[in-house]
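Single-structure report; data block below.
In what follows, chains carry the letters A, B, and so on, assigned in the order in which the sequence lines appear, proteins first and then strands, with residues in each chain numbered from 1.
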Number of protein chains: 2
Amino acid sequence: MAVTLRQIQAFLAVAELGTFTKAAERLHMAQPALSQLVRELEQALGIRLFDRTTRRVELTEGGREFQGASAKIVHDLDLAIQNANDLAERRRGKITVAAPPLLAAAILPEAIAEMRERFPGVQVAVLDARTDTIVEAVRTNRVDCGLGTFAAIEDGIERIPMARDQLMLFCSPGSRFADADVDWRELQSEPLITLTRDSGIRLLVEVAYETVGIPLVPAYEVAQITTALALVEARLGVAVLPTYARAAAPHRRVLARLLANPAIARDIVLIRPSGRSVSPALATFETVLRRHVRRLTPADID
Amino acid sequence: MAVTLRQIQAFLAVAELGTFTKAAERLHMAQPALSQLVRELEQALGIRLFDRTTRRVELTEGGREFQGASAKIVHDLDLAIQNANDLAERRRGKITVAAPPLLAAAILPEAIAEMRERFPGVQVAVLDARTDTIVEAVRTNRVDCGLGTFAAIEDGIERIPMARDQLMLFCSPGSRFADADVDWRELQSEPLITLTRDSGIRLLVEVAYETVGIPLVPAYEVAQITTALALVEARLGVAVLPTYARAAAPHRRVLARLLANPAIARDIVLIRPSGRSVSPALATFETVLRRHVRRLTPADID
DNA sequence: CACGATTTATAAGCAGATCTTCTGAATTCA
DNA sequence: TGAATTCAGAAGATCTGCTTATAAATCGTG
């Protein structure tokens, strides 16, 4: 005969309260049912657990021994269940997200701050890396998800589009570009502040200049979007940056204008290993992240 | 929804074997039943335990965590059940028996030796004490049972008669008493070896002498039955001792004859607290003890 | 590219377990 | 001695849990 948790619960209740009737009340069941559970347990163990007359119920030696052991077991189980529930309720958890440095700097901090605020038990770690490294890290499960602009649809990886990002011209308020959308050709011989060549954005800009047939002569080359914006604010030139650059320094006196002909846009995508389940914490992080990404990139997509 | 041991068993089997089908085989159940158990557990915990496609089943992060916890719980429970079974199967246990010194010396050693032989895990402890102390020790649960000759039926104490004990005359083989039953009156002016006055037997002897109206003049007073028998063997006199005295020195050259007119007999009784359950070890000890008591006191009773 | 094999999920039906109510027996207390 | 309390047993209803049958999905192979 198998021992069940229900039997143990019944036993512990009787052991604690010292009467079958009170124990049955606590367990919201009729007293005969409880008697039966205890009897079953006694049969399974092969020993008498209680000395019981109609007036007195007390543990036998073996009963006391089993009480200690089973009380600990029930407690441990409650703990394990509680731990699982904590995971489910986002009171606990750990997420690692990979993103390219510029994106990580621009968008992640606010999303992480919100997570920290709403789910203090959930740890969010960031791995900033190059795009190809990100894909690899996602595929090998070293990170739970990756954020960025990923060209091909890779196998074994799920793509969740978050928003559409577009290249924009950042200029100072008094600039001649300040009033309307800008055509790439208008940038000819305008002092251009660019990112260094290791960034994907710089590459896009070069392609665009090539396409419209004007020479690209960087006036300044910087590594960080923030730096580029600072230079723009100082009227040292204009910069071509992604939409989300506005997040990098919302307080700076800088304007952003759409760059057309051609309009260059990319999807900002969240990727994660396909086939793996999404932990509750990760699911929440995705929605938080999507909201922050969209707030900075007005062009919503589905 | 409540977590059950069955669900945990199912979960652990799947976690270990990596497939529902194989796990179902091990648990001797159909695969859909097992799927259901795991699903129930996932619902109860609020988290997904496995990432499963039709081809692959593997633990999630939360699943791995719960596996560790629940495996330990199941192990602990098995241990607790095993411990209880050990008690039931007499592989373990502890009994304390109280008896007056003479009885303890005559009968208990062999009974304990047999217990030790057949149930090495069961400890038998002896408390040798006076009869009134024995009763008190039984009543207060300081010992599990008491052996002796107890006059009144005490409240809250159960009496289990083991055998009937009779006063006998112990003499040397060449003695004039050696051939037939003996009448008390024949003892007049025979050198008598008695036990000291603190023994119950001495008291019985005094009463008997009084009854038949002959004077009691002890030739020797000794504390131990063994000593008395040694003196008898050395032809220094005869001794009046209980039946079980024969156990004290089975190899001595001494004869025992029934003492009649009056025949003085007492019940050797095992007492234990009434209302308390009898542990398996104690139950076994009772039967072993009964056999040994009867072997030494031919007059069986029910 | 399609089909077969394998594995998990779903549905329906049934057997057996478990719970409730009613009743009895034993013990305590007034 | 009688009333009250408490545990145990019996009978019946409900409900859980298992099995069988079937569908859906994925992988390998011809």
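Whole-Å rounding puts the Q43(B) CD to dA9(C) C1' distance at 13 Å. Per the geometry, CG belonging to D51(B) stands 16 Å off C1' belonging to dA25(D), to the nearest Å. Separating the CZ atom of F50(A) from the C1' atom of dA8(D) is a distance of 15 Å, rounded to the nearest angstrom. R56(A) has its CZ atom 14 Å from the C1' atom of dA26(C), to the nearest Å. One atom, CG of L27(B), and another, P of dT19(D), lie 11 Å apart when rounded to the nearest Å.
As judged by a 4.0 angstrom heavy-atom cut-off over every strand, E40(A) is placed among residues touching the sugar-phosphate backbone only. Residue-level contact check: R39(A) touches the backbone only, with heavy atoms under 4.0 Å from sugar-phosphate atoms and none from bases.
Applying the salt bridge (Lys or Arg N to Asp or Glu O under 4.0 Å) definition to pairs two or more places apart or across chains, those involving residues 23-42 of chain B are E16(B)-R26(B), E42(B)-R48(B), E42(B)-R52(B).
Residues satisfying the side-chain hydrogen bond (donor to acceptor under 3.5 Å, both in side chains) criterion with E61(B), sequence neighbours excluded, are absent altogether. E89(B) meets the salt bridge (Lys or Arg N to Asp or Glu O under 4.0 Å) test with no other residue; sequence neighbours excluded. Residues satisfying the salt bridge (Lys or Arg N to Asp or Glu O under 4.0 Å) test with R90(B), not counting sequence neighbours, are none. Partners of R56(A) by side-chain hydrogen bond (donor to acceptor under 3.5 Å, both in side chains), not counting sequence neighbours: none found. Under the salt bridge (Lys or Arg N to Asp or Glu O under 4.0 Å) criterion, D76(A) pairs with K72(A), K72(B), not counting sequence neighbours. Partners of T96(A) according to the side-chain hydrogen bond (donor to acceptor under 3.5 Å, both in side chains) rule, which considers only residues two or more places apart in sequence or in another chain, do not exist here. Listed by chain and residue number, nothing satisfies the ring pair (Phe, Tyr, Trp, His ring centres under 6.0 Å) test with F285(A) (two or more places apart in sequence, or in another chain). For R116(A), the salt bridge (Lys or Arg N to Asp or Glu O under 4.0 Å) test picks out no residue, with sequence neighbours left out.
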Would you tabulate the pairs of protein nitrogen or oxygen atoms and nucleotide nitrogen or oxygen atoms of nucleotides 2-6 of chain C closer than 3.5 angstrom?
unit_1 : atom_1 : unit_2 : atom_2 : d
dT6(C) : O2     : R55(B) : NH1    : 3.0

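A donor-acceptor pair under 3.5 Å links the side-chain atoms of D51(B) to the main chain of S277(A), judged by distance alone. Between the side chain of T149(B) and the backbone N or O of D267(B), no donor-acceptor pair lies under 3.5 Å.
For the segment residues 15-23 of chain A, residues with any heavy atom less than 4.0 angstrom from an atom of DNA chain D are, sorted by number, T19(A), F20(A), T21(A).
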The contact string for nucleotides 19-24 of chain C, one letter per nucleotide 5' to 3', using protein heavy atoms under 4.0 Å with B, S and - for base, sugar-phosphate only and none, comes out as SBBB--
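Close to dA8(D), at under 4.0 Å from its OP1 or OP2, lies a side-chain N or O of R52(A). Contact check, S35(A) against dA8(D): a side-chain N or O comes under 4.0 Å of OP1 or OP2.
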